[in-house]
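The next block holds one structure in the form of structure tokens; read it before the comments.
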Amino acid sequence: MIASPQSALLRLPGLAWDLVKLIQNYIDGRFVPGKREFADVNPADGTVIAQVTEADDVQVNEAVHAARRALRGEWGRLGVRERAARLHKVADAIEKRFDCFVQAEVADTGKPVALASRLDVPRAAANFRVFADLVKLTGLESFQTETPDGTHALNYAVRKPLGVIGVITPWNLPLLLLTWKVAPALACGNTVVVKPSEETPATATLLAEAMQDAGIPNGVYNVTHGFGPESAGEFLTQHAGVNAVTFTGESRTGATIMKAAASTVKPVSFELGGKNAAIVFADCNFEEAVDGLSEAVFLNTGQVCLCAERVYVERKIFDIFVEELKQKAESLHPGWPNDEKTDLGPLISAQHREKVLSFYRLALEEGATVITGGGVPKFGDHRDNGFYVQPTLYTGLPESARCVKEEIFGPVCHVAPFDSEEEAVAMANDTKYGLTASIWTGNLKRGHRIAQQMNVGITWVNCWFLRDLRTPFGGAGLSGIGREGGMHSLNFYSELNNICVRL
Ligand code: NAD
Ligand code: 6OH
């Protein structure tokens, strides 16, 4: 592990904390404090693990100006091959600091060390490598055009950076989701000002050190900490010097950001909330489906936008499926992140736990049958001050219930039976969201047929959260605007200039 000014003082939750550190903004290649501070809380035991300096409007302005200057400096002059090489170096620097990144992510989120080591940090490095390779290896279309007088013209498009990109990200997969946007933005030659979630400031800050290691020039990557309204988030989205905003978070926040971006007609890319359905047929591979659904409902304590909160099961196997999923839920070990047995972390904050528990209460009012969970685990130690909830399964709710319609974002789902394919498709599609669906069947013809009827951006057949970073990623309806991933990211983060040459 590499000791560094930002990372050296982090400790794993569950071990003794002897120091509270200051997480600073990173502007134009320097770590800078702000006028106000807020607390970074460890969700596993509720202790304050760091203070974070909030960027005011002056600092956000400085960051945007630094990013604009960097566009005109060394970064703007680099060819695509060298830019790609530097992004590979960022990935190398992340891998070199692997343990630091894991510790920082775990400290902020309380998620199991095993999960951060398997998912979050490797994906951060992969995001840089994939977009570095893609931008280097892919070309753009060209057309030979016939003109009315019988001559020809040649049309070809060139890719230019959009400019300064505002990147606003949530707390559930902080580093994965931040780098999912920063990597393609930089690959296309842009510069960025990021505003990570106020709940999870650490890994975005550590990434600044990886950028320095990799020789990314000052001003290319800037970090401004703070909140949304009347804070760094709003200052960034309203700033006239920001050329585009890419945002992952709640649908309601997306609507607010869209209004802010409208005044300067900024392009936006939004990855928003979901109320995702899974459809399980009686002919599925039963064990694989139970294992898959257990991941799809409980991974990261249900705090993944792709998670299934509505599970529809063919009536023939409904009772046995519910029983098996219950066994899975009850076999999960909530606990300290650094305990190898732990496979269920806390929720992110006291406030988010209150939201999830309010849905647990609402489910009862709406007439749900509680199959398992519905409360808070008791540990008898400091974890009782953390933000854990029990993994929870409900049945028996009408499709119109708020618990079936609204995103909860916790380790919870409602399981309902269906009798026909048409009924399952209709129920799955009966939502204002449209992020993901998963279909579990031994009949691939049926899998294809249903997949094509899903009003979502991503459908998995006999799998869930199986990612190929070249594929389009995003949501329909309230779940987002646009697609990122592969060429879709490159196209969002570029200004395409079509050049028509008469021959
Ligand atoms: P959130 O919308 O509350 O916050 C996300 C970010 O937006 C934070 O950095 C926050 O500070 C900032 N923000 C809030 N108000 C703002 C404003 N007015 N102007 C500018 N910035 C503002 O979301 P969250 O609670 O952090 O994350 C959970 C949500 O994110 C869930 O709804 C989840 O489904 C969604 N999500 C979606 C995807 C996806 O790919 N579709 C991925 C992850 C999370
Ligand atoms: C949402 O919580 C998860 C989003 C995942 C991705 O954006 C991805 O690229 O895998």
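Keep in mind that what you see is a predicted model, and the values were worked out from it rather than measured. In this chain, residues are counted from 1 in sequence order.
With no hydrogens or angles considered, no side-chain donor-acceptor pair links Gln452 and Thr459 at under 3.5 Å. Side-chain atoms of Thr246 and Tyr493 form a donor-acceptor pair, as typed in the model, at a separation below 3.5 Å. Donor-acceptor pairing under 3.5 Å is lacking for the side chains of Gln59 and Thr224. Between the side chains of Glu37 and Thr53, no donor-acceptor pair is found at a separation under 3.5 Å. Side-chain atoms of Ser269 and Glu484 form a donor-acceptor pair, as typed in the model, at a separation below 3.5 Å. In the model, Thr205 has a side-chain atom that pairs as donor or acceptor with a side-chain atom of His225 under 3.5 Å. Side-chain contact of Thr200 with Asp108: a donor-acceptor pair under 3.5 Å is absent, judged by distance alone.
Atom NE2 of His382 has 12 or fewer neighbouring heavy atoms from other residues, nucleotides or ligands inside a 6.0 Å radius. The local environment of CZ in Arg470 is sparse, with at most 12 non-hydrogen atoms from other residues, nucleotides or ligands closer than 6.0 Å. Atom CE of Met258 has 12 or fewer neighbouring heavy atoms from other residues, nucleotides or ligands inside a 6.0 Å radius. Within 6.0 Å of CZ on Arg467 lie more than 12 heavy atoms contributed by other residues, nucleotides or ligands. Applying the 6.0 Å contact sphere to CZ of Arg315 captures more than 12 heavy atoms from other residues, nucleotides or ligands. No more than 12 heavy-atom neighbours from other residues, nucleotides or ligands sit within 6.0 angstrom of NZ on Lys432.
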*Going through the checks in order, is the side-chain contact (heavy atoms from CB on, under 4.5 Å) test met by Glu271 and Trp180?*
CA-CA 11 Å; Glu271 297 180 337; Trp180 174 240; 3.3 Å; yes

*side-chain contact (heavy atoms from CB on, under 4.5 Å) evaluation trace for Phe465 with Thr436*: CA-CA 9 Å; Phe465 205 176; Thr436 76; over 6 Å; no

*Audit row: Leu272, Leu478, side-chain contact (heavy atoms from CB on, under 4.5 Å) steps and yes/no*: CA-CA 7 Å; Leu272 307 176; Leu478 279 189; over 6 Å; no

*Evaluate side-chain contact (heavy atoms from CB on, under 4.5 Å) for Asn190 paired with Val164, printing each intermediate quantity in order.*
CA-CA 6 Å; Asn190 301 285; Val164 177; over 6 Å; no

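To the nearest 0.5 Å, atoms NZ (Lys266) and CD1 (Ile257) are separated by 11.5 Å. Between Thr301 atom OG1 and Arg353 atom CZ the span is 12.0 Å, to the nearest 0.5 Å. For the atom pair CG of Asn243 and NE2 of His239, the computed distance is 11.0 Å after rounding to the nearest 0.5 Å. Atom CG of Leu177 sits about 5.5 Å away from atom OG1 of Thr248, to the nearest 0.5 Å. Taking CG from Leu469 and CZ from Arg123, the interatomic distance works out to 4.5 Å, rounded to the nearest 0.5 Å.
Under a 4.0 Å N-O distance rule, the pair Lys195/Glu234 does not qualify as a salt bridge. Between Asp120 and Lys111 there is a salt bridge, with a side-chain nitrogen of the basic residue lying less than 4.0 Å from a carboxylate oxygen of the acidic one. Using a cut-off of 4.0 Å between Lys/Arg side-chain N and Asp/Glu carboxylate O, Arg97 and Glu209 are scored as salt-bridged. The residues Lys35 and Asp56 are annotated as salt-bridged, a charged nitrogen and a carboxylate oxygen being separated by less than 4.0 angstrom. Ion pair Lys275/Glu309 flagged as a salt bridge, since at least one NZ, NE, NH1 or NH2 atom sits closer than 4.0 Å to an Asp/Glu carboxylate oxygen.
Ring orientation note: the planes of Phe281 and Phe418 are nearly perpendicular, at an angle over 60° on the 30°/60° scale. Note on ring orientation: taking the six-membered ring where Trp is involved, the planes of Phe379 and Tyr388 are perpendicular (angle over 60°, cut-offs 30° and 60°). Between Tyr394 and Tyr360, the ring planes are perpendicular. Angles over 60° get that label, and only those under 30° would be called parallel.
Summarising the geometry of Cys100 relative to Leu206, their closest heavy-atom pair is O-CD1, 3.6 Å, with the distance given to 0.1 Å. Closest approach of Val322 and Val415 over heavy atoms only: CG2-CG1, 3.9 Å. Nearest heavy atom pair, residue Leu186 against residue Val192, reads CD2-CG1, 4.0 Å. When all heavy atoms are compared, the tightest approach of Cys307 to Leu299 is SG-O, 4.0 Å. Between Pro417 and Phe318, the closest heavy-atom pair is N-CE1, 3.5 Å. The minimum heavy-atom distance linking Ser479 with Leu435 is given by the pair OG-N, 3.2 Å.
The distance between the ring centers of Phe227 and Phe38 falls below 6.0 angstrom.
Scanning for side-chain contact (heavy atoms from CB on, under 4.5 Å) contacts around Lys326 gives Glu323, Glu330, Ile371, Thr372, Leu393, with sequence neighbours left out. Remark: Tyr312 pairs with no residue by the ring-ring contact (aromatic ring centres under 6.0 Å, His included) rule, at least two apart or across chains.
Screening Phe387, Phe359, Trp171 against His352 for a ring-ring contact (aromatic ring centres under 6.0 Å, His included) leaves a single residue, Trp171.
Using a 4.5 Å cut-off on side-chain heavy atoms (C-beta onward), Phe128 and Ile94 make contact.
No donor-acceptor pair closer than 3.5 Å links the side chain of Glu105 to the backbone N or O of Thr203. Asp343 places no side-chain N or O within 3.5 Å of a backbone atom of Leu332 that could act as its donor or acceptor partner.
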